[in-house]
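See below for the structure under consideration.
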Amino acid sequence: MKKIINNVEDIVPEMISGLVKTNSDLVKQIEDTTAVVRNDKKFSENKQVGVVSGGGSGHEPLHAGFVGDGMLSAAVAGEVFTSPTPDQIYEAINAVDQGLGVLLIVKNYSGDVMNFDMAKEMAEADDIKIATIVVDDDISVKNSEFTQGKRGVAGTALVEKIVGAAARSGMNLDDLAKLGQSVIDNTKTIGIALHAATVPAVGHPGFELKDDEIEYGIGIHNERGYSVEKIQHAKELAHELIEKIMKEFDDKSGKFAVLINGMGGTPLMEQYIFANNVLDELQSDGIDVGFSKVGNLVTSLDMQGISLTIMKADDDWISKLKEPVTTIGW
Amino acid sequence: MKKIINNVEDIVPEMISGLVKTNSDLVKQIEDTTAVVRNDKKFSENKQVGVVSGGGSGHEPLHAGFVGDGMLSAAVAGEVFTSPTPDQIYEAINAVDQGLGVLLIVKNYSGDVMNFDMAKEMAEADDIKIATIVVDDDISVKNSEFTQGKRGVAGTALVEKIVGAAARSGMNLDDLAKLGQSVIDNTKTIGIALHAATVPAVGHPGFELKDDEIEYGIGIHNERGYSVEKIQHAKELAHELIEKIMKEFDDKSGKFAVLINGMGGTPLMEQYIFANNVLDELQSDGIDVGFSKVGNLVTSLDMQGISLTIMKADDDWISKLKEPVTTIGW
Amino acid sequence: MKLELNEAQKWIELFVEKLEANKSELNELDTAIGDGDHGTNMDRGAKAITESFAKKAPENVSDLYKATAFAMIQKVGGASGPLYGTAFLDMSKAVKSENIELADLIQIGADGIKRRGESDIKMKTMIDVWQPIADAMKQDNFDKSVVEDALDSTKDMVATKGRASYLEEKSKGHLDPGSQSSAYLFESLVDVLGENS
Amino acid sequence: MKLELNEAQKWIELFVEKLEANKSELNELDTAIGDGDHGTNMDRGAKAITESFAKKAPENVSDLYKATAFAMIQKVGGASGPLYGTAFLDMSKAVKSENIELADLIQIGADGIKRRGESDIKMKTMIDVWQPIADAMKQDNFDKSVVEDALDSTKDMVATKGRASYLEEKSKGHLDPGSQSSAYLFESLVDVLGENS
Ligand SMILES: Nc1ncnc2c1ncn2[C@@H]1O[C@H](COP(=O)(O)OP(=O)(O)O)[C@@H](O)[C@H]1O
Ligand SMILES: Nc1ncnc2c1ncn2[C@@H]1O[C@H](COP(=O)(O)OP(=O)(O)O)[C@@H](O)[C@H]1O
Ligand SMILES: [Mg+2]
Ligand SMILES: [Mg+2]
Ligand SMILES: [Mg+2]
Ligand SMILES: [Mg+2]
């Protein structure tokens, strides 16, 4: 393993420290935590429902890179691929509550769900109103009562953008949670990997793929996918993912939003080529794409790969996705 | 080689097409070229000196990702690691000239210098006023009359930002060229690689490094550096690069700007850890950092590595670096 | 059967030792069917327990379990932090009643995990170690072979909770990492009880 | 000595063939001391030449060189595009004068490269093939061994122009890729002249 790091145990605090030092006009660190909170002037001037997210590290710019006016109020970073602890989440909730309550955006992993739940119990004991939405956009995993359910992956960035815009515009906590849930229900993602991520504490890639193989349906923590196949042209990859995702939507009329997300080790060049194929195919299928975005938003350390997210969105959501926002990573 | 592409020959047009489709509010493609030009409303409303850059592809978001109000007016994309041709550059010049002349920002490679020069001759034949600045910030290469001179690398992004801001504010062509040259003279970069880039048409990495080795002083086209060493902690890497760069500045008083740049395959996590070490060391050396930025700005395909750019900057340059700008990649 | 303070402390300290010694082993198990961090997570918890005991020696068994729970909750994160944390927090509360048997205490811990994780036996989680051991203790036939069997039983299960559940059928053939760390916990308990018998 | 239109066209067509056949060879040479694209660049130029000739057959030698130059300038990019382009553009202009000798024409091409590249012999560039060949032609002893020797001479040079110059001393021991493509150009010329003699 070759990585630009110091001691493995110091990765997260050093990363957060670097992020805060280079963006002190936007965010500040909450003392004794690896959580960051908005530091812009508008934050204290305009009261709104707080929006807090977080999770294991290794997915940067998610979540700390999405803190700012119009998106998240605070973000809590756990260890690499490990949910943050309840006390840190509790501190973040306290730092952003302005009396109107706090919405927690949680990705659907047992660790995150349990830790955010414990933090919620702690905050409620302080009479802070809390609502939670759980993002589970990864359709490569079956949703059944007998499993953990679907995972939360790249669609999380879109959820945070829409909910963040609504919170800025003054929406109350209950409506915000309803909006968030509705966005989640309409957001579907599948990812592929060319090369697995190397967790620093483990020191080698989470799984091995041959020189001509890719894996379909991987998660953002090296979770294996649904099949390993020979790599194909970007055009065929786009076709495979679009087909799988569009099957999930009964109603293909109206507007859609599209996110082409790099996994951390894949250059923009490949992401744009893939985006070109995706948008061409959607157009020829008569799908109306009202918003599209390309970039490394929800990564998996140094994983090489890409994910495609498609959201059925109304005009209001599209305009919320397009609203200008001042964050590090959107 | 595993890449998300179609035919190798179609990489650049498909990439530009994907970039334009997903950012049509910002940029449009110049017909029959792989050059993009501003497409925002302000472009036609506010007259200014045109600022055109370009070069080989594989360094995204440079240059097309920096087209927008306050930065570049147009960008020309050549084949991977290959200067664009004069006719494409000439088209870009034509698309942005508003009668006040056009500044060309060229990275110092023989190909780029020659092709931009031929384009300049073509445009001058049309009575368009042209000035050229050549970026050569890579101090890992000796500057001597007997070589090609230093290379243009990550500092190019800072040059484009400052010059772009000045052009927006109405500076004339001659002053803009002088400003640009002065910025270049005060900008120094060194890069390191953990893993070389794979040029798609070649199919394997440009050079091999052992599992515990890094190379100091590499360029952004797999140009070899000045030494291969065992990888060290981020803190020591930061120290080595800072020492080499700060030696180049006689006057260490006043403000400095810092860019920590990822090479394409290195995740943000590592970039922030490195940034943390860089800013700590500069602070303890008493260097006043007025602006800092972290991210993949000037990449080298899938290269794993990082570069450090330090610029001696006055207050005006710092504020130009901080000016908000609407581009894909800044 | 009940544990005195020094026995209970010995138990947790042995657990801490085993976690530290087997950090990479746990990471490897978690790499196969999870995300590769269970060893790192538990090691962080182990160090936090040691630190907590050093800072303030627990004054009674309830205190000791509470300190263990807090170390887990505040330093581990992931799934295992709240799960072990809830188990020990519930045990800390229950042990305040003078008369509770060790077997019942372990059952209370297991119930805490089930509540927090919304899970039960046969889901290929640490419950598949906690529950059989609580059962065996109630029958008074608790020894290392019980721990081993419980752990081994997770190998052929298909996971339906936790990260391994994403693998569905493919989760078969691997030990559950959380069950392995729980096995260390209960092997440590056998060691403490063995010394006494 | 002068080339008729059909001879000159044969020359460029042979060059095109060699470029296409040796694309990866040129890329490999450029990977060692450059950026790995010289074969791809020249192949793009080769295809553009073929296309241009197919679209509109050159009517005279000047036309042919001009079409070659434009294909190179418009499709190659990099360093080699403007260099070959300038050489052939200058040759296209010079050949309009009835009396120019082939040797002088090649010298004009070499001078164009020097002007555009601000370079000269012994800098480990394609000039180290063009100049010795112009010299040999003037002496009337031009054959394949001259081409081979010129190309080989670049191996031990230290580059002072082009990308290879960044390697300084380490550029030694490798053939210059642009010299290899120029060698294909002049081998093709020997083939055309040989057929005639
Ligand atoms: N819902 C649950 N109920 C009970 N145990 C669970 C549950 N989810 C996970 N576990 C246990 O936690 C272990 C994984 O812990 P760890 O790797 O530290 O957390 P994470 O999965 O967040 O990375 C699993 O091996 C399993 O034993
Ligand atoms: N200044 C120069 N003068 C003459 N020839 C040069 C000069 N710079 C480069 N070359 C030639 O160009 C060749 C490289 O061409 P190519 O790889 O296509 O372009 P690039 O270096 O832009 O990738 C070199 O091998 C050398 O022969
Ligand atoms: Mg984890
Ligand atoms: Mg090149
Ligand atoms: Mg785990
Ligand atoms: Mg080259």
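Because the structure is predicted, anything quoted here is derived from the model rather than measured. Chain letters run A, B, ... following the sequence lines, proteins first and then strands; every chain starts at 1.
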Which one wins on heavy-atom pair count under 4.5 Å against chain A: B:Tyr272, B:Phe291, B:Phe274?
B:Tyr272
Among B:Asn7, B:Thr299, B:Val12, B:Ile273, which residue has the highest count of heavy-atom pairs closer than 4.5 Å to chain A?
B:Ile273
Selection from [options] maximising heavy-atom pairs under 4.5 Å formed with chain B:
options                      : result
A:Ile192, A:Val294, A:Ile11  : A:Ile11
A:Pro200, A:Ala238, A:Gly265 : A:Gly265
A:Gln304, A:His195, A:Glu270 : A:Glu270

May I ask you to check whether over 12 heavy atoms, not counting those of A:Gln232, lie within 6.0 Å of atom CD?
yes
Crowded around A:Glu229 CD? As in, over 12 foreign heavy atoms under 6.0 Å?
yes
For [X], which atoms come within 4.5 Å of any heavy atom of chain A: side chain, backbone, both, or neither?
X        : answer
B:Asp25  : neither
B:Pro13  : neither
B:Asp10  : neither
B:Val80  : side chain
B:Leu301 : both
B:Lys230 : neither
B:Gln271 : neither

For residues 321-330 of chain A against chain B, heavy atoms under 4.5 Å, the residues are A:Ile328
Straight-line distance of [X] [atom1] to [Y] [atom2], nearest 0.5 Å:
X        : Y        : atom1 : atom2 : value
A:Lys235 : B:Ile5   : NZ    : CD1   : 15.0 Å
A:His233 : B:Lys3   : NE2   : NZ    : 14.0 Å
A:Asp302 : B:Asp302 : CG    : CG    : 12.0 Å
A:Leu62  : B:Leu268 : CG    : CG    : 11.5 Å

Output the residues of residues 14-24 of chain B for which the shortest heavy-atom distance to chain A is under 4.5 Å, in residue-number order; output 'none' if no such residue exists.
B:Glu14, B:Met15, B:Ser17, B:Gly18, B:Leu19, B:Lys21, B:Thr22, B:Asn23
Donor-acceptor check, side chain of B:Lys2 to backbone of A:Asp211, threshold 3.5 angstrom: yes or no?
no
B:Ala234 and A:Ile4 have their tightest heavy-atom pair at CB-CG2, 3.9 Å
